There are 2 protein chains.
Amino acid sequence: MTDPTVEPRDEPVRRMKRADRREQIISAATEAFARSGFTATSLDEIAEEAGITRVVLYRHFDSKSDLYQSVLDKMCERLEAHIDEPVEGFTDESIDGLLRVASDSPAGFRLLFQHALRETEFKERIEKFRNDVSEAAYLQIAPLVPDDALARWAAQAAPAAAIEATIAWLDAGQPDPAHVAARIRKVAIGVVEAALSTDDISLPGQPTSRRDQRDEQQHQDSGQDM
Amino acid sequence: MTDPTVEPRDEPVRRMKRADRREQIISAATEAFARSGFTATSLDEIAEEAGITRVVLYRHFDSKSDLYQSVLDKMCERLEAHIDEPVEGFTDESIDGLLRVASDSPAGFRLLFQHALRETEFKERIEKFRNDVSEAAYLQIAPLVPDDALARWAAQAAPAAAIEATIAWLDAGQPDPAHVAARIRKVAIGVVEAALSTDDISLPGQPTSRRDQRDEQQHQDSGQDM
DNA sequence: CAAGATGTATACGGCAGAGTCCACCTATGG
DNA sequence: CCATAGGTGGACTCTGCCGTATACATCTTG
């Protein structure tokens, strides 16, 4: 930039085989898209993220939409590879799979569930996945929850809460990975219990005062190993 | 008759006072923005939603950003009006307030927590609100959860799960509004419990095997594992 | 009724970003 | 060592949309 004359290249211009480059672009695009979604992310940003020029993008993808679809497909593939047990619901295994994908590619995970899900042009595919999950959840929940509207609520809310909890887990630095699947599962179960009971509720380890728990914060140190 | 091209208007051209029109535009913009977010929503769409011309928008707002900010401010105002209790965390009252806002303006609620939160240009304001909530939650949760990383996770995940559960409640047709606040609170508590225990977990109504098999991936073939 | 506020229709400038083209460079592998 | 696939850089068109301007119609109110 400072010198318009052609300088010898300081960096030796890394080259990759076609397939590798394609993967690398998808990976870079995942990061870029995850920051601001489809519309607000320009191809130049993506190219920069991948360390190449916009022109090169078109050597591998027909259009911006095509690239985005490829990114989404890649993530969906991963999910399905890890959760492909024929729609059977929330097993620890399937949650483990979800978590593996999430920790393998946090950006992709966010992209799927925070952006792509709201983008009218692309949400169809992901919503299908999500509906499958909700449907599976409903089959498990319906026998337990007499009110059908509440059962449907729980079937929607439980996966959503699980995904949010997973994202929060990523944000928190993935603490205690050994038990995180069980924890996420407990979050989902909390939703089901919420659908069931209208009882008075209190925080664990506290007497049943519903309100103003902050006044009696007792510091319990159970010393659980982590 | 000076202009032959002008047809007699079939609809009598409804007019409103300035303040009313402004509110109506904000309301229409809320709906429009809620569908696809800031960037992907054009002013023409909004104008159409409001039943007016794009030009009229500029009689009330300086720019697209200004309009968006106004929409967001309006929602934040509402939230703060309902939850203004000095940062005190998850009381049933504050959740009630959240739910009132959500059911008053589902589109606005979604806009805030599904779109604006991810839009780099605007997320600051909403993230501030969210951080306040998380901080309040942390103050309640920290004494209960020995591991600080887990406490921070729960402080993030609990509000997020609560908001998702609220949105799912809207989607489900707002069933049983009398107890929904308690249910949402139970969802949040479920997260805290998840942060606490590494115990074996099962759906309500099933025999509980005590502790001891934390890492053991047992597969209950009751078909109800979640 | 006159004035002013409100709304319509249309056209235009400008800019950012998608998508294309071309001339040229250079690792890399057979 | 040479052919080629993989890459650079810039200039170009085209489109969509923001933002502005102008001219005209019509409801409302003092």
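Computed from a predicted model, the values in this text were never measured in an experiment. Chain letters run A, B, ... following the sequence lines, proteins first, then strands; residues in each count from 1.
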Taken to the nearest whole Å, CD1/A:I46 to C1'/C:dG17 is 12 Å

Out of D:dC18, D:dT8, C:dA18, minimum distance to the side chain of B:K64 belongs to D:dC18

Testing C:dG19, D:dC18, C:dG7 for proximity to the side chain of A:S63, the answer is C:dG19

Taking atom types as modelled and ignoring hydrogens, do the side chains of B:Y138 and B:D148 form a donor-acceptor contact shorter than 3.5 angstrom?
-> yes

Side-chain atoms of B:V55 come closest, of C:dA18, D:dT8, C:dA9, to C:dA9

Sequence neighbours excluded and cut-off under 3.5 Å, please list the side-chain donor-acceptor pairs for residues 43-58 of chain B, or say none.
| unit_1 | atom_1 | unit_2 | atom_2 | d |
| --- | --- | --- | --- | --- |
| B:D44 | OD1 | B:R54 | NH1 | 3.1 |
| B:E45 | OE2 | B:S42 | N | 3.3 |
| B:E49 | OE1 | B:R35 | NH1 | 3.2 |
| B:E49 | OE1 | B:R35 | NH2 | 3.0 |

Name each donor-acceptor pair under 3.5 Å that joins a side chain in residues 153-161 of chain B to protein atoms two or more places apart or in another chain, with its distance.
| unit_1 | atom_1 | unit_2 | atom_2 | d |
| --- | --- | --- | --- | --- |
| B:W153 | NE1 | A:A165 | O | 2.9 |
| B:Q156 | OE1 | B:S134 | OG | 3.2 |

Which part of the nucleic acid does B:T39 contact within heavy-atom distance under 4.0 Å: base, sugar-phosphate only, or nothing? nothing

Margin query: For a quick check of understanding: with a heavy-atom distance under 4.0 Å over all strands, which category does B:R18 fall into, base, sugar-phosphate or nothing?
Written below: sugar-phosphate

**Message:** Closer than 4.0 angstrom, basic N to acidic O: yes or no for A:D171 and B:R152?
**Reply:** no

Picking from C:dT20, D:dC18, D:dT8, the nucleotide nearest the side-chain atoms of A:R54 would be C:dT20

Query raised in the report: Looking at A:D104 and A:R100, does any basic side-chain N land under 4.0 Å from a carboxylate oxygen?
Result: no

Here the distance between atom C1' of C:dG7 and atom CD of B:E48, to the nearest Å, is 17 Å

Between CG of B:D20 and P of D:dT28 the distance, given in whole Å, is 13 Å

Is there a donor on the side chain of A:R59 or the base of D:dG7 sitting less than 3.5 Å from an acceptor on the other?
yes

Atom CG of A:L57 and atom C1' of D:dG7 are separated, to the nearest Å, by 12 Å

To the nearest angstrom, the CG-C1' distance between A:D66 and C:dA18 comes to 14 Å

* To do: Identify whether any heavy atom of A:S65 sits under 4.0 Å from a base atom; if not, whether one sits that close to sugar-phosphate; answer base, sugar-phosphate or nothing.
  => nothing

Between CG of B:D62 and P of D:dC18 the distance, given in whole Å, is 15 Å

Separation of D:dG6 atom P from A:H60 atom NE2, nearest Å, is 7 Å

Whichever of A:L43 and B:A19 has the more 5' nearest nucleotide on DNA chain C, that residue is B:A19

A:R22 atom CZ is separated from D:dG6 atom C1', nearest whole Å, by 16 Å

- prompt: Using a cut-off of less than 4.0 Å, is there contact between a side-chain N or O of B:R21 and OP1 or OP2 of C:dG7?
  reply: yes

Note: for B:K17 and B:F38 on DNA chain D, the residue whose nearest nucleotide lies more 5' is B:F38

Note to self: Would you say A:T53 places a side-chain N or O within less than 4.0 Å of OP1 or OP2 belonging to D:dG7?
What the structure shows: no

